[in-house]
Structures are given as C-alpha cells and as structure tokens.
Protein chains: 2
Amino acid sequence: MEDTEQRILDAALRVFASEGYTGATTRRIAKEANVAEVTLFRKFKSKENLLKEVLINNRTIFSSLDDLSHLFPKEKNVDLETELRILGKNIAKAMRDRKKDSKRRMFMLMLFEEGRRRPEVAEALSSLLQMNINPLSEYFELQIKNGKMRNINPRSASITFVGYFVHTSLLREVIGDGFLGNNDEEIDGFIDIFTKGILKVEDMKNR
Amino acid sequence: MEDTEQRILDAALRVFASEGYTGATTRRIAKEANVAEVTLFRKFKSKENLLKEVLINNRTIFSSLDDLSHLFPKEKNVDLETELRILGKNIAKAMRDRKKDSKRRMFMLMLFEEGRRRPEVAEALSSLLQMNINPLSEYFELQIKNGKMRNINPRSASITFVGYFVHTSLLREVIGDGFLGNNDEEIDGFIDIFTKGILKVEDMKNR
DNA sequence: CATGTAAGTAAGTAATTACTTACTTACAGT
DNA sequence: ACTGTAAGTAAGTAATTACTTACTTACATG
C-alpha cells in the first residue's frame, strides 16, 4: 500500500461527506482507509486538523477539476444559447456521473453546515465557490464585449447560473429526482429562462 | 411556565439548527428549554422522535408563514417585472429580518444533511419546498394565461426563482455578505436576468 | 383532605468518542 | 548486521452521550 496519508485524506473526505463532521468518527475513517486509528492521529494529530488537511488537499483538486473550461462545447460556431445549453448539460452530467464528485458535493454540503461554526471552513467554502464563478464571469464578460450578451453584471449572471446547478444538484442528491423531474428537461427550462427571460417579447420593446 | 412541550420543541428547533442533529445534545436542548432533561424524555421518548415532532410542529407553521401570497405587492397595476422585483425584495427582506426564520432556514440546512440518512426527513424537506413552489407556479400559470409571460413550464420558472433565493440566503448566512455583495443590487441583477434573459434583443428575433 | 398529574432531583448505566501510551513488527538504506 | 522509519497491536483514559430508575415536590381538582 502506498501513500498512507493520501488514503486517510480520501477516506476522511468520504466519511465526512456521508456522516458530517460531528457524525464522522476517527475509527470509521481509519477503517475506511485501511489503517490503524493510531496512524491517523500520528499523521494528523487531531480530527479537527484532519478536516483542515482534507480542505487543503482538495482545494487544489477542485481547482483543476472544477475548471469549467473543458466543459464548454468544442465547436465554436454555435450561438450563445446553444453553447450555454451544452455547458449546462455537461455540468449536470459531470455532477451526476463522476462518483468522486458526488462525494465532493456532499462534502460541500457538510462545509455549509460546519462553516457556520468554523470561520476557516467558511472561508474555504467561499474560495471554492469563487473558483466556479470566476471563469464563468470572464466568459460572460467576453460575450458582452462580443455583443452577444446584454450589458449585465457578469458576476450576477455567474451566480445565477452556477447557483442553479449547485442548488438543483444538491436537491437531487438529498430528496431524489422525483421532486425536480427529468433532468434534461429541467435544465432546458432553466437555460431557456436564463437566456431569453420569462417576458413576452412584445412587452420588451422598452429594452 | 406554560406548555412545556412547546418550549422543548422551540428549543429543539434552535439547537438542531445551530448544532446539527448529531451535534445537538438532549442536555443542551433541555437546558435551552428550561426543563429537566428527564422531562424531555418523558414527553418525547427519544431524540429521534423529538426531531420528528419538531418537524410536524413546524410543518404547519411553515405553511402559513411561508405562504408567498402576502409578499406580493399590494397594488395590482404594476407590470410583471416590477411585481417580481418587489416580490423578490420582500422575500429577501423577510428572510433577513425575521429571526425565527433565520433559525428555520438553518434548520432546513440541517434537514438537507440529515435527509440523506433519514428518508422521513427527506420527505419532510420535499414537502416544505413544495409549499414554496406551488403558489408561485400557480401565479406564473395565471400570468401566462394573461399573456404577460411566455409559455414556459411554470414549475421550471418557480424552481429557478425560489432556488435563487434559497441558495443565496443560505450562502449569506454561511459565508457572509462579502461574497455576494450588496443584497438589493444582486437581487435586481437576478430579476433582470430572470425576466429579460441575458441575450441581446436583436438576437432574439427568432423567438 | 385526598389524590392524580406534571414537573424536578439525583444518581447511574452502557456505549461511544477523541486521543494516548507502550510496545512490536516490517522493511529500506547504509 | 545495524539502524531509522513507518506502520500495527493492544490496552486504556477521561469525557460525553442517550436514556433509565427511583424518589420527591408542587399544585390543581374533586
């Protein structure tokens, strides 16, 4: 077995995600990592410190994985709406498919809970979200410059866009698909609203 | 002191909300309610059962409080966009102002965590969200019939709308206002996108 | 006054938890 | 062969936890 520390970190991510910080026991984490409990304490000193290390460990992984750029469609001749539609589906697909991402998402949910009690956790969560929002903001900024988009605060647009996917994917994980219905249709509905708005076109002549 | 049970239920809501289900101790709840711990067990048998009762107890309160109808603007001569803008601000205001609502929101966050482990909790959460979404769906349906809105799936629109506020208000609670910036501006940005979409109007001639 | 009910006090139980100490084993590099 | 390092085993500690038992107090109602 290689790299004991990493195995403990991975196990901790999983157990924290599924049990919450308080619910996760060091015994369970050690077992999940196939190490003796004492090894965990030798390497990480305390449970609290372990959480901190998990955070650091995944910060870098998040930044490379959650980089949206590879999720944008390859062909560049599509219009903005189609592009966003494909991007949205790719995000949703990536969220559903990748098992490790599911764990990360649940870990994020734990961070939400824990963030209210630990400022460092809140801060980590904040920078995590930032990573998702920034590249999208830049993308929107470009689209505005290219005249494809109205002159909207790109940050507002990013938060609305990313927020939708964070929110619905968490919902799906927790209360199942029944509530939200078919994934693709739901996303289409959102993208439709996001790009065109809900108003009738003839009522929009003032803009 | 009147109605011991209700005092325990209120205290439980608070403690569950701030500590999470696992983190909340029966001792702490009893202390918060100014009762002996044994009284708590006499009335509610077990911690698990107490959670269930808190859920039931607040289900009815939620349904009357979270009814959106009273948040709609009184004057009926405003256009849809203005109406939604006011509604959005009222929701945000209600979420920020009412302290008990803040507790409920945090309680909801706990439900998210706990819902993954307890199907009854997930189900309670689901019906809670339903209560928020249904009246809005009906409202949108009416607007479509009145020709004010495009023919969009009203449920999609409701989820997008409610989801935004649930999501951002949780974010604000957890990682503070720094991340999202000024509340009113942010909401304006969202309503703008929600009603008009992000596309340039001249690109929308196809619709 | 008698009696039932809602509450408290006190003490304790069995399990679990984070974390420690002391010792042993396996192995890699010199 | 010697030695340092990374790991395991075993046992235990002090605190906490959900929950119980047995008894007492206060009070309202018939």
Side-chain angles (χ1 to χ4, degrees), chain A residues 1-57 106-107 110-111 113-121, chain B residues 1-57 107 110-111 113-121 124:
Chain A
M1 313 245 172
E2 284 241 325
D3 209 343
T4 317
E5 292 195 29
Q6 190 55 47
R7 254 169 44 235
I8 296 174
L9 286 169
D10 288 346
L13 177 76
R14 289 199 301 273
V15 180
F16 281 145
S18 77
E19 310 295 324
Y21 177 77
T22 322
T25 71
T26 51
R27 197 182 291 178
R28 168 87 190 276
I29 294 170
K31 195 173 182 180
E32 195 96 357
N34 276 317
V35 295
E37 198 180 353
V38 74
T39 305
L40 184 155
F41 282 101
R42 263 197 288 251
K43 297 267 178 199
F44 296 98
K45 292 200 64 121
S46 71
K47 186 185 172 184
E48 197 171 332
N49 188 59
L50 176 59
L51 173 64
K52 202 151 74 183
E53 298 286 340
V54 171
L55 234 39
I56 294 170
N57 188 251
M106 288 299 97
F107 185 72
M110 186 225 71
L111 290 186
E113 269 253 59
E114 212 48 32
R116 287 147 50 206
R117 289 179 282 264
R118 296 167 143 52
E120 351 97 55
V121 171
Chain B
M1 314 241 171
E2 285 242 323
D3 209 344
T4 316
E5 292 194 29
Q6 189 56 48
R7 256 168 43 235
I8 295 174
L9 287 169
D10 288 346
L13 176 76
R14 290 199 300 272
V15 179
F16 281 146
S18 77
E19 310 296 322
Y21 178 77
T22 322
T25 71
T26 50
R27 195 181 294 181
R28 169 86 189 277
I29 294 171
K31 195 173 183 178
E32 195 96 358
N34 275 316
V35 295
E37 198 180 355
V38 74
T39 306
L40 184 154
F41 281 102
R42 264 197 287 248
K43 298 267 179 196
F44 297 98
K45 292 199 62 119
S46 72
K47 185 184 174 184
E48 196 171 332
N49 189 59
L50 176 58
L51 172 64
K52 203 151 73 183
E53 298 287 339
V54 172
L55 234 40
I56 293 170
N57 189 249
F107 185 73
M110 185 224 74
L111 291 185
E113 269 252 62
E114 212 48 33
R116 288 147 49 208
R117 290 179 282 265
R118 295 167 141 55
E120 350 97 55
V121 172

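Every heavy atom of this structure was used, including side-chain atoms; hydrogens, water molecules and symmetry mates were not. Residue numbering restarts at 1 for every chain, and letters A, B, ... go by the order of the sequence lines.
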Per [X] side chain, nearest of listed nucleotides [options]:
{"X": "B:V38", "options": "D:dA7, D:dT21, C:dA18", "result": "D:dT21"}
{"X": "A:K43", "options": "D:dT21, C:dA18, D:dA6", "result": "D:dA6"}
{"X": "B:K47", "options": "D:dC19, C:dT21, C:dG8", "result": "D:dC19"}
{"X": "A:A36", "options": "D:dC19, D:dT9, D:dA7", "result": "D:dT9"}
{"X": "A:T25", "options": "C:dT17, D:dA6, D:dT17", "result": "C:dT17"}

What is the distance from [atom1] of [X] to [atom2] of [N], rounded to the nearest Å?
{"X": "B:I8", "N": "C:dG8", "atom1": "CD1", "atom2": "C1'", "value": "12 Å"}
{"X": "A:E37", "N": "C:dC19", "atom1": "CD", "atom2": "C1'", "value": "8 Å"}
{"X": "A:K45", "N": "C:dT21", "atom1": "NZ", "atom2": "P", "value": "11 Å"}
{"X": "A:F44", "N": "C:dT20", "atom1": "CZ", "atom2": "P", "value": "15 Å"}
{"X": "B:R28", "N": "D:dT17", "atom1": "CZ", "atom2": "P", "value": "11 Å"}
{"X": "A:N34", "N": "D:dG8", "atom1": "CG", "atom2": "P", "value": "9 Å"}
{"X": "B:F41", "N": "D:dT17", "atom1": "CZ", "atom2": "P", "value": "12 Å"}
{"X": "B:N49", "N": "D:dA18", "atom1": "CG", "atom2": "C1'", "value": "14 Å"}

- prompt: In Å and rounded to the nearest 0.5 Å, what is the OG1 to NZ distance from B:T22 to B:K47?
  reply: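 Going from OG1 on B:T22 over to NZ on B:K47, the span is 6.0 Å.
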query: Any side-chain N or O of B:T39 less than 4.0 Å from the OP1 or OP2 oxygen of C:dA7?
result: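 No, no such contact exists.
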message: Let me spell it out: for each of A:Y21 and A:R42, pick the nucleotide of DNA chain C with the closest heavy atom. Which residue's pick is nearer the 5' end?
response: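 Comparing both residues, the 5'-ward one is A:Y21.
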So, are [X] and [Y] salt-bridged, with charged N and O less than 4.0 Å apart?
{"X": "B:R118", "Y": "B:E48", "value": "yes"}
{"X": "A:R14", "Y": "A:E32", "value": "yes"}
{"X": "B:E19", "Y": "B:R28", "value": "yes"}

- prompt: Across the strands shown, which category fits A:A30 at heavy-atom distances under 4.0 angstrom: base, sugar-phosphate, nothing?
  reply: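 Touches nothing.
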- prompt: With sugar-phosphate meaning primed atoms plus P, OP1 and OP2, does A:V35 contact a base, only sugar-phosphate, or nothing at under 4.0 Å between heavy atoms?
  reply: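 It contacts sugar-phosphate atoms only.
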message: When both hydrogen-bonding distances must be under 3.5 Å and the geometry is Watson-Crick or G-U wobble, what is C:dA22 paired with, if anything?
response: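 Because both required distances fall under 3.5 Å, C:dA22 counts as paired with D:dT9.
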- request: Decide yes or no for A:L111 and A:F16: does some side-chain heavy atom of the first lie under 4.5 Å from some side-chain heavy atom of the second?
  value: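 No, too far: nothing below the 4.5 Å cut-off.
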